[in-house]
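Whatever order the structure lists ligands and atoms in, that order sets their numbers, starting from 1.
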Amino acid sequence: MKIYVFQEIDSTNTEARNREKYSAGDVIVAINQTAGRGQRGNKWSTREGENLTFSVVVEPEFLPAAHQFLLSETTALSVSETLGHFGIETRIKWTNDVYVGENKICGILIENDLRSAIVERSILGIGINVNQVHFDEWIPNPTSVALELGRKVDKNEVLERFCEVFERRYDELKNTAESLAEGIQHDYNERLFHRDISCRYFIPGRGEVMGIIRGVMPTGDLAVEINGITETFRFKEIEFILGR
Ligand code: BTN
């Protein structure tokens, strides 16, 4: 993987979209990201130099568009495993946030370019809270590597470890995509946030329910048991209600 480091840039995901400059395997890193983008049009804000904000370019032409969620799984799992190497146990909150207990340590924004029925190019944008210990009030429930370990770590070591883990997992995805990347699916589900625990969820149009997450399918749909019946939900069809 080839790493490009920018002292200041609006968003590494936006930069990575430049097809003339970047191709598969390139990693774009910002020391200071001034207009970081999050999921659902949210912004992603981090303090200059304290955290990891980077994007990985991949060209997974082997991946049918219907199974593009496997890329999310591969990315979130790689972050979770990377943090594990630093002694931090995490869970993956569907679709692809990484949590320590009830607090978020990493956000992921994946932007896919589809060509007919395949994923031609994808930007995997990753924000890991590494050394930040004070967060703005509006950020709901943040944590960081430093807050979890009680000491600062070298951000570059975290990035290097991520690249190693990701390369291995991405090869696995490539080699097993035809059989729906069973190993990745399994390991993602093993780390799934709130799996097999009864919790409250909000379902638009139905209101609040008690449900038990049973797993995520290769399509990305979430299987939740409600009143003894397992139903599947697509992105935005069900929301977590986290105690704050
Ligand atoms: C979220 O949790 O809402 C996703 C946050 C993703 C943030 C990362 S930081 C690096 C990359 N560049 C961006 O503009 N966003 C992603």
>> I need the single residue from Arg91, Lys93, Glu102 that forms a side-chain hydrogen bond (donor to acceptor under 3.5 Å, both in side chains) with His194. Which is it?
In response: Glu102
>> Any salt bridge linking Arg161 with Glu81? Criterion: basic side-chain nitrogen under 4.0 Å from a carboxylate oxygen.
In response: no
> Any N or O of Gln39 that comes nearer than 3.5 Å to an N or O of ligand 1?
Replying inline: yes
>> Can you tell whether the side chains of Glu89 and Arg191 come within less than 4.0 Å, N to carboxylate O?
In response: no
> Can a non-hydrogen atom of Ile108 be found less than 4.0 Å from any atom of ligand 1?
Replying inline: yes
> In terms of atom number and element, which parts of ligand 1 are under 4.0 angstrom from non-hydrogen atoms of Ile126?
Replying inline: 8 (C), 9 (S), 10 (C), 11 (C)
> How close do Gly220 and Trp94 get, heavy atom to heavy atom, and via which atoms?
Replying inline: O-NE1, 2.8 Å
>> Quick check: is Val98 connected to Leu149 through a chain of hydrophobic side chains (ILVMFWY, heavy atoms under 4.5 Å apart)?
In response: yes
>> Testing Glu231, Glu239, Glu237 one by one against Arg206 for a salt bridge (charged side-chain N to carboxylate O under 4.0 Å, His left out), which residue passes?
In response: Glu231
> Which of the atoms of ligand 1 are close to Gly125, meaning less than 4.0 Å from one of its heavy atoms?
Replying inline: 8 (C), 11 (C), 16 (C)
>> My understanding is that we take every heavy atom of each candidate and find the minimum distance to atom 9 (S) of ligand 1. Doing that for Lys93, Glu15, Gln33, Arg40, which one comes out nearest?
In response: Gln33
>> Check the orientation of Tyr99 and Phe193. Use parallel for under 30°, tilted for 30 to 60°, and perpendicular for over 60°.
In response: tilted
> Which atoms of ligand 1 have any heavy atom of Gly36 under 4.0 Å away?
Replying inline: 14 (O)
> Which atoms of ligand 1 sit under 4.0 Å from any heavy atom of Gly38?
Replying inline: 1 (C), 3 (O), 4 (C), 5 (C)
> Do Lys104 and ligand 1 have an N or O pair less than 3.5 Å apart?
Replying inline: yes
> What are the atoms of ligand 1, with element, lying closer than 4.0 Å to any heavy atom of Gly127?
Replying inline: 8 (C), 9 (S)
> Any side-chain heavy atom of Phe240 within less than 4.5 Å of one from Phe202?
Replying inline: no
> With a 3.5 Å cut-off and no angle check, do the side chains of Ser80 and Thr90 form a donor-acceptor pair?
Replying inline: yes
> Which of the atoms in ligand 1, numbered in the order shown and given with their element, are less than 4.0 Å from a heavy-atom of Arg37?
Replying inline: 5 (C), 6 (C), 7 (C), 13 (C), 14 (O), 15 (N), 16 (C)
>> For atom 5 (C) of ligand 1, what's the nearest protein heavy-atom neighbour? Residue, atom name and distance, please.
In response: Trp44 CE3, 3.4 Å
>> Using a 4.0 Å cut-off to any heavy atom of Asp97, which atoms of ligand 1 qualify?
In response: 2 (O)
>> Using a 4.0 Å cutoff against the non-hydrogen atoms of Thr12, which atoms of ligand 1 qualify?
In response: 10 (C), 11 (C), 12 (N)
